Asks: 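Handing you a structure now.
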Amino acid sequence: MPGRNIFTVLEETAKNHGKKEALHQPLGTKGGGGYRAYSWDEWLTASREIAVGLHALGMVKSETGCILCETRAEFYLVDLGVMGAGGVAAALYTAYPVPDLARDIGKSAPRFLFVEDAATLLAISGSLTEQGAALPEHVILISGEQTGAHSLEDLRQLGRTTLLRDPGAFARIQEEIDPADAAILYLTSGATGAPKMSVTSHAAVLANIDMGPHVLPITPEDSTVVFLPSAHIAQRIVLELLPMRMGTPVWFSESLARLPNELRAIRPTFFLAPPRVWERMYATIQTELKKRPAFARKIFYGALGLSMEAAKYRDAGKQVPGWMARILTLANKAVFAKIRERLGGRIRIAASGAAPLGRDLAQFYAGIGIPLIEGYGLTEAGILSFNPIERSRPGSIGKPLPGVAMRLADDGELQVRTPCLFEGYYRDKAATRSVMTDDGWFLTGDIAEMDGDGYWYITGRKKELIVSSNGKKIYPARIESLFKMEPLVNQVLLIGDKKPYVTALLTLNFGQVQNLNGVPDVSARPIADVLRTEPVEKAVKGVVARVNRQLADFERIRRFKVVERDFSIETGELTPTMKIRRGRVLENHAALVSELYLGKEEMN
């Protein structure tokens, strides 16, 4: 008897919710707007046809199928189709430069490659040729047609034809799938080193999504809007496979630029976003507040401060004083409700994931009535912890999920044991051994601590620890998070390992720069000239000074440089989920870094 696998979860949900809408794909302006909705039955049928079509083309059990596609309904159809065929679904980060994508395809050596469209296929083909490689044997275009490639509809038609001729074909494929078989090949983000490929089984994924209802109790009456890259584990587990298990409908965002309007129109009840989205929303709120009269700003910040005080009562298990509760009821209706309308006004679970969230930023959102539920996960170990919805603690990654165990090594590194653990790095046994202890615990690489109530906190990455030339240990993530409450600063990277003092590279939010008094039109002058103007220099020094006041003397930023452009994915400085790749930033801006350690030490 075959065991439960990821595809059978889709079958269970379709059995319970068949005709109800599951996926909503935007049609775009060319399609006349609106959405193409797929019911659970339609999703099941499409993925079954894809699975049988792949099998008819020769896909065998545990064979890799690469998917180079934006996060959209068709990705979900294809993803389940590959796994339903007994294959291993390997999603690629579409934001990566084409040569990097070609390299990743070459590493996984697939015979089956799904590609977004003909233009993407042309670019990949050219880059593979330059690298001395060729396209996989079977290429399937998700949109459109191209000579030498199958279309997704052709593949589905092959599946339909096969099933008409042999109705038991799919059942026989499923009988061969064991829960211990590989299901997903993840690509790690590579924030602290070269990206690796991580193999995860059906059983591990199932264990993870079965933990979901305990911490994210979403239902068929809920809804969510998704936009994260499908190659990332947070998107794959929390926004694809968990909603599939729970029968929760999903809307796909057409683009980040349209996301604010989509949130207001769709009015989701559950929304997961990385910290950069919450930071930008905060910066927008602060910009709009500056345009309001002084009395309006005073009312807002007064209400915010009172709300944060009320949160302290609740965190301590105490009742909020009646007078405070009455004032906050009025403030909620008059002030905070308008901000929550940016997310549609129906959010009951707002979560932050894929990167660490600053404590102050979490407190701000809790104060306006959008408590951000922060979690923690790793490509190799799945989603590991979440804050309880009713008792979330800002700055914490929450408590371990059921079945997950956490412990600290002598040096403070977090180690985990979980049924969601990966099978190992793809064709790299040495790398796999290097992240496991002798007694079976996974080495996360994160420095952590636990409070007296069992909430865990990540204080930094082991590889990113700065040890100054006088031996002081500095965790850059904690300091960098303080800048998240400063709308003027877009990105920050601390420097100081084996150096006499701490310095920083900053990038600025040019929308905020333009709002500074005395700044010329940003669009009419070279960026370098704008950054050298007195109002900008004064404002940036003020930001650094405010952060420094919160730090110990040895942690303070003595000098800094403002980079003229943002760190980006295209330059290799960011991962697709906007984590900074420190090594690449330091490499790309080596001249600026050298200048930071010339001359006398300064206090900014």
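Computed from a prediction, not measured in an experiment: that's the story for all the values here. No hydrogens, no waters, no symmetry mates; every other heavy atom, side chains included, goes into these values.
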Asks: Closest approach of P394 and Q363, non-hydrogen atoms and distance?
Replies: CB-CG, 3.6 Å
Asks: Minimum heavy-atom separation for L343 to P268, with atom names?
Replies: O-CD, 3.7 Å
Asks: Rounded at 0.5 Å granularity, tell me how far CD1 in I397 sits from CZ in F386.
Replies: 11.0 Å
Asks: Apply side chain to side chain contact (heavy atoms under 4.5 Å, CB included) to residues T507 and V562 and explain how you reach the verdict.
Replies: CA-CA 6 Å; T507 72; V562 177; over 6 Å; no
Asks: How long is the gap from CD on E21 to CH2 on W43, to the nearest 0.5 Å?
Replies: 14.0 Å
Asks: Would you say the ring centroid of W456 lies under 6.0 angstrom from that of Y376?
Replies: no
Asks: In terms of side-chain geometry, is the basic nitrogen of K579 or E480 positioned less than 4.0 Å from the acidic oxygen of its partner?
Replies: no
Asks: In terms of side-chain geometry, is the basic nitrogen of E12 or R4 positioned less than 4.0 Å from the acidic oxygen of its partner?
Replies: yes
Asks: Is the closest side-chain heavy-atom distance between I368 and N332 below 4.5 Å?
Replies: no
Asks: Kindly compute the distance separating OG1 (T248) from CG (L242), expressed to the nearest 0.5 Å.
Replies: 7.0 Å
Asks: In plain terms, say whether D453 and R391 are close enough for a salt bridge, that is, a side-chain N and a carboxylate O under 4.0 Å apart.
Replies: no
Asks: Side chains of I67 and L92: does their closest heavy-atom pair fall under 4.5 Å?
Replies: no
Asks: When you measure from the side chain of Q286 to the backbone N and O of A283, does any donor-acceptor pair fall under 3.5 Å?
Replies: no
Asks: If you define the side chain from C-beta out and look only at heavy atoms, does anything of I50 sit under 4.5 Å from R156?
Replies: yes
Asks: Measure the acute angle between the ring planes of H24 and Y35, then classify it against the limits of 30° and 60° as parallel, tilted or perpendicular.
Replies: perpendicular
Asks: Go through the steps for R276 and E279 under the test salt bridge (Lys or Arg N to Asp or Glu O under 4.0 Å), then give the verdict.
Replies: CA-CA 5 Å; R276 286 298 294 147; E279 290 163 19; 2.6 Å; yes
Asks: side-chain hydrogen bond (donor to acceptor under 3.5 Å, both in side chains) between T571 and S568: does it pass, once the steps are laid out?
Replies: CA-CA 6 Å; T571 57; S568 69; 2.8 Å; yes
Asks: What's the separation between atom CG in L493 and atom CG in L506, rounded to the nearest 0.5 Å?
Replies: 9.5 Å
Asks: Side-chain contact test, heavy atoms from C-beta onward, threshold under 4.5 Å: evaluate it for D41 versus K20 and give yes or no.
Replies: no
Asks: Do the two ring centres, one from F252 and one from Y76, sit under 6.0 Å apart?
Replies: yes
Asks: Please step through side chain to side chain contact (heavy atoms under 4.5 Å, CB included) for the pair V205 and I237, ending with a clear verdict.
Replies: CA-CA 8 Å; V205 173; I237 297 294; 4.0 Å; yes
Asks: Do the side chain of R393 and the main chain of Y455 share a donor and acceptor less than 3.5 angstrom apart?
Replies: no
Asks: Can you establish whether the number of heavy atoms outside R36 located under 6.0 Å from its atom CZ is more than 12?
Replies: yes
Asks: May I have the step-by-step check of side chain to side chain contact (heavy atoms under 4.5 Å, CB included) for N387 and K399, ending in yes or no?
Replies: CA-CA 6 Å; N387 268 275; K399 297 184 176 184; over 6 Å; no
Asks: Could you tell me whether R258 and E254 have a side-chain N and a carboxylate O separated by less than 4.0 Å?
Replies: yes
Asks: Check whether any side-chain heavy atom of P217 sits under 4.5 Å from a side-chain heavy atom of I389, and report yes or no.
Replies: yes
Asks: Donor-acceptor pair, S385 side chain versus L401 backbone, under 3.5 Å?
Replies: no
Asks: Using side-chain heavy atoms (C-beta onward) and a distance below 4.5 Å, is I285 in contact with E288?
Replies: no
Asks: With a 4.5 Å cut-off on side-chain heavy atoms, are F510 and L531 touching?
Replies: yes
Asks: Does S143 reach the main-chain N or O of D117 with its side chain, forming a donor-acceptor pair under 3.5 Å?
Replies: no
Asks: For E449 and T459: C-alpha separation, side-chain torsions, deciding distance, then whether side chain to side chain contact (heavy atoms under 4.5 Å, CB included) applies.
Replies: CA-CA 7 Å; E449 59 188 24; T459 57; 3.9 Å; yes
Asks: For R267, give me all partners under side-chain contact (heavy atoms from CB on, under 4.5 Å), at least two apart in sequence or on another chain.
Replies: R346
Asks: Would you say E262 and S253 are linked by a side-chain donor-acceptor pair, where the criterion is simply a distance under 3.5 Å?
Replies: yes
Asks: Rounded to the nearest 0.5 Å, what separates atom CG in L206 from atom CD1 in I209?
Replies: 5.5 Å
Asks: Going by an N to O cut-off under 4.0 Å, is there a salt bridge joining R581 and E573?
Replies: no
Asks: Under 3.5 Å, is there a donor-acceptor pair between the N490 and N509 side chains?
Replies: no
Asks: Any salt bridge between R72 and E70, counting N to O under 4.0 Å?
Replies: no
Asks: Under a 3.5 Å distance rule, please check whether S307 uses its side chain to pair with a backbone N or O of A303 as donor and acceptor.
Replies: no
Asks: So does R461 pair up with D446, basic N to acidic O under 4.0 Å?
Replies: yes
Asks: If you define the side chain from C-beta out and look only at heavy atoms, does anything of R342 sit under 4.5 Å from T284?
Replies: yes
Asks: Show me, pair by pair, the donor-acceptor contacts under 3.5 angstrom made by side chains of residues 222-230, not counting sequence neighbours?
Replies:
from: D222; atom 1: OD1; to: T269; atom 2: OG1; distance (Å): 2.6
from: D222; atom 1: OD1; to: R348; atom 2: NE; distance (Å): 2.9
from: D222; atom 1: OD2; to: T219; atom 2: N; distance (Å): 2.9
from: D222; atom 1: OD2; to: T219; atom 2: OG1; distance (Å): 3.3
from: D222; atom 1: OD2; to: R348; atom 2: NH2; distance (Å): 2.8
from: T224; atom 1: OG1; to: F270; atom 2: O; distance (Å): 2.8
from: S230; atom 1: OG; to: T71; atom 2: OG1; distance (Å): 3.0

Asks: If I take atom CG from residue L372 and atom CZ from residue F364, how far apart are they, to the nearest 0.5 angstrom?
Replies: 10.0 Å
Asks: With under 30° as parallel and over 60° as perpendicular, where do the rings of Y96 and Y93 fit, or are they tilted in between?
Replies: tilted
Asks: Quick one: salt bridge (Lys or Arg N to Asp or Glu O under 4.0 Å) partners of E240, sequence neighbours excluded?
Replies: R236
Asks: For the residue pair N261 / R264, report whether a side-chain donor-acceptor contact shorter than 3.5 Å exists.
Replies: yes
